[in-house]
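Basis for what follows: all heavy atoms, side chains included, without hydrogens, waters or symmetry-related copies. Quick caveat: nothing in here was measured; it's all calculated off a predicted structure. We're numbering straight along the sequence, starting at 1.
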Amino acid sequence: MSSAPTLRHSKHPEALRVATVNVNGIRAAYRRGMQEWLADRDVDILCLQEVRAPDSVVRELLGDSWHILHSEAAAKGRAGVAVASRLAPSETREHIGDEYFASAGRWVEADFDLGGSTLSVVSAYVHSGEAGSPQQDDKYRFLDLMKARLTELRSTRDHALVVGDLNVGHTTRDIRNWKGNLKKAGFLPEERAYFDSFLSDAVGWVDVHRYLAGDVDGPYTWWSWRGKAFDNDAGWRIDYHLATPELAAAATSAVVDRAHSWEARFSDHAPLVVDYQLLQPQD
């Protein structure tokens with residue numbers, strides 16, 4: 001995996017490039033340079049989390065060259081997820097299937113017809129949570145639903161991909177300061193056990209970024225705005241591409257688009273960009 005610009009910007013003609021990023025407010029991200037990043041990345045499917053803006057604003061900022069599926073949270077200025085694609089989706093679904101989360105702005109699904117097969121893409125934003133709080137209870141409820149939906153997608157789709165800010169560091173490789181976070185939301189044993197299950201043979205999903213990066217620290221995707229976390233690379237790897245095995249096997253590269261400096265960041269998260277060697281539909 002390389003972050004050299006000449007390598008990370010090239011794309012095979014038959015590759016499907018999927019990017020995910022928690023934008024921490026799309027209006028703020030655009031003010032900080034998100035548009036310039038996106039214009040240079042040749043992305044086919046763009047998944048966003050923490051959009052935190054009305055649908056009209058999202059469409060105005062992204063422009064009319066995208067097909068946009070956006071689930072806005074009922075709570076103003078909170079959450080919000082989107083899937084923007086160059087190819088029109090064949091079907092869409094706007095929440096995870098439980099009415100409790102129907103207006104939470106945390107899960108959207110889009111199906112795409114690709115070369116005779118169907119690809120389902122999910123943009124997900126899991127709760128950050130807080131140990132011992134009602135917010136943590138909601139996080140576990142959502143993760144329970146997520147496990148059930150992953151099982152359904154795995155058994156009913158040719159290919160499926162769940163991407164986004166999942167707000168859990170799975171292993172000690174995924175958080176620089178893991179020893180200091182053992183009792184904090186995002187690295188609780190109960191949370192990490194969900195990811196053990198997601199990636200088990202029984203549920204059958206693959207952490208594509210980890211699969212391609214290997215057994216190394218990070219590469220991290222989130223750093224606090226505060227202090228020297230970014231400069232010291234004291235980050236968390238909490239943004240994921242979870243794929244069904246056949247799709248994961250088609251992944252050829254995974255790149256974290258880490259800004260070259262603290263000032264150049266457009267979000268506290270960096271985009272995670274993965275290329276999949278899948279046949280594109282014919283014109």
Side-chain angles (χ1 to χ4, degrees), residues 18 20-23 45-53 55 58 67-85 89-112 118-130 133-168 170 185-186 188 190-200 202-208 238-244 247 269 272:
V18 183
T20 182
V21 58
N22 178 322
V23 293
I45 300 176
L46 173 67
C47 296
L48 306 176
Q49 302 87 43
E50 269 201 282
V51 175
R52 303 204 319 245
D55 192 67
V58 175
H67 299 274
I68 299 171
L69 170 64
H70 173 220
S71 178
E72 184 179 344
K76 187 176 180 180
R78 302 291 299 275
V81 289
V83 175
S85 58
S90 56
E91 289 189 35
T92 62
R93 293 163 294 280
E94 295 193 7
H95 62 86
I96 199 167
D98 185 332
E99 286 300 317
Y100 184 78
F101 295 115
S103 60
R106 293 186 177 274
W107 186 277
V108 287
E109 300 183 9
D111 296 342
F112 300 94
T118 299
L119 167 67
S120 292
V121 177
V122 175
S123 179
Y125 176 45
V126 174
H127 307 65
S128 54
E130 182 180 347
S133 72
Q135 291 87 349
Q136 192 68 24
D137 293 339
D138 279 354
K139 185 174 188 176
Y140 290 140
R141 179 170 179 170
F142 193 88
L143 288 169
D144 283 332
L145 291 166
M146 184 172 167
K147 180 179 178 180
R149 186 60 182 148
L150 288 175
T151 302
E152 292 172 354
L153 288 170
R154 174 75 180 93
S155 63
T156 59
R157 299 298 192 277
D158 297 315
H159 304 292
L161 180 65
V162 174
V163 307
D165 177 4
L166 304 187
N167 263 316
V168 176
H170 182 207
L188 295 171
E190 297 87 347
E191 296 172 328
R192 296 164 62 200
Y194 278 97
F195 281 70
D196 291 340
S197 177
F198 298 164
L199 304 177
S200 68
V203 180
W205 288 67
V206 177
D207 178 350
V208 175
I238 53 177
D239 301 270
Y240 290 83
H241 278 231
L242 300 183
T244 48
L247 180 61
H269 294 252
L272 174 59

For [X] versus [Y], what's the shortest heavy-atom pair and its separation?
X      : Y      : answer
Ala79  : Ala104 : CB-O, 3.4 Å
Gln49  : Ser123 : NE2-OG, 3.1 Å
Val58  : Ala53  : CG2-O, 4.1 Å
Ala243 : Val208 : CB-CG2, 3.5 Å
Ala160 : Leu247 : O-CD2, 3.5 Å
Ala124 : Val81  : C-CG1, 4.3 Å

If we only count heavy atoms from C-beta on, is the [X] to [Y] side-chain gap below 4.5 Å?
X      : Y      : result
Glu91  : Thr118 : no
Val83  : Ile45  : yes
Thr244 : Arg157 : no
Leu242 : Val206 : no
Asn167 : Tyr125 : yes
Arg93  : Ser120 : yes
Ser71  : His95  : no

- Those residues that, when tested against Ala82, pass side-chain contact (heavy atoms from CB on, under 4.5 Å) (two or more places apart): Leu48, Val51, His70
- Not counting sequence neighbours, which residues clear salt bridge (charged side-chain N to carboxylate O under 4.0 Å, His left out) with Asp55? List them please. Arg59
- For the side chain of Arg52 and the backbone of Arg78, is there at least one donor-acceptor N/O pair under 3.5 Å apart? no
Using 0.5 Å steps for rounding, measure from the [atom1] atom of [X] to the [atom2] atom of [Y].
X      : Y      : atom1 : atom2 : answer
His241 : Leu166 : NE2   : CG    : 10.5 Å
Ile96  : Leu143 : CD1   : CG    : 8.5 Å
Asp111 : Leu69  : CG    : CG    : 10.5 Å

- Query: What residues form a ring-ring contact (aromatic ring centres under 6.0 Å, His included) with His127, not counting sequence neighbours?
  - Reply: Phe101, Phe142
- Excluding sequence neighbours, so at least two apart, what forms ring-ring contact (aromatic ring centres under 6.0 Å, His included) with Phe198? Phe195
- Item | Residue list, side-chain hydrogen bond (donor to acceptor under 3.5 Å, both in side chains) with Gln135, at least two apart or on another chain |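 Gln135 satisfies side-chain hydrogen bond (donor to acceptor under 3.5 Å, both in side chains) with Ser133 once adjacent residues are dropped.
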- Applying side-chain hydrogen bond (donor to acceptor under 3.5 Å, both in side chains), which residue pairs with at least one partner in residues 139-153 are found, sequence neighbours left out? Asp98-Arg141, Glu109-Arg149, Gln136-Tyr140, Lys139-Glu191, Asp144-Tyr194, Lys147-Ser197, Arg149-Glu152
- Evaluate the side chain to side chain contact (heavy atoms under 4.5 Å, CB included) criterion for residues Arg192 and Val168: first the C-alpha distance (whole Å), next the side-chain angles of each, then the deciding distance (0.1 Å), finally the verdict. CA-CA 7 Å; Arg192 296 164 62 200; Val168 176; 4.3 Å; yes
- Message: Could you go through Ile238 and Asp165, starting from their C-alpha distance and side-chain angles, then the distance that decides it, and tell me whether this counts as side chain to side chain contact (heavy atoms under 4.5 Å, CB included)?
- Response: CA-CA 6 Å; Ile238 53 177; Asp165 177 4; 3.8 Å; yes
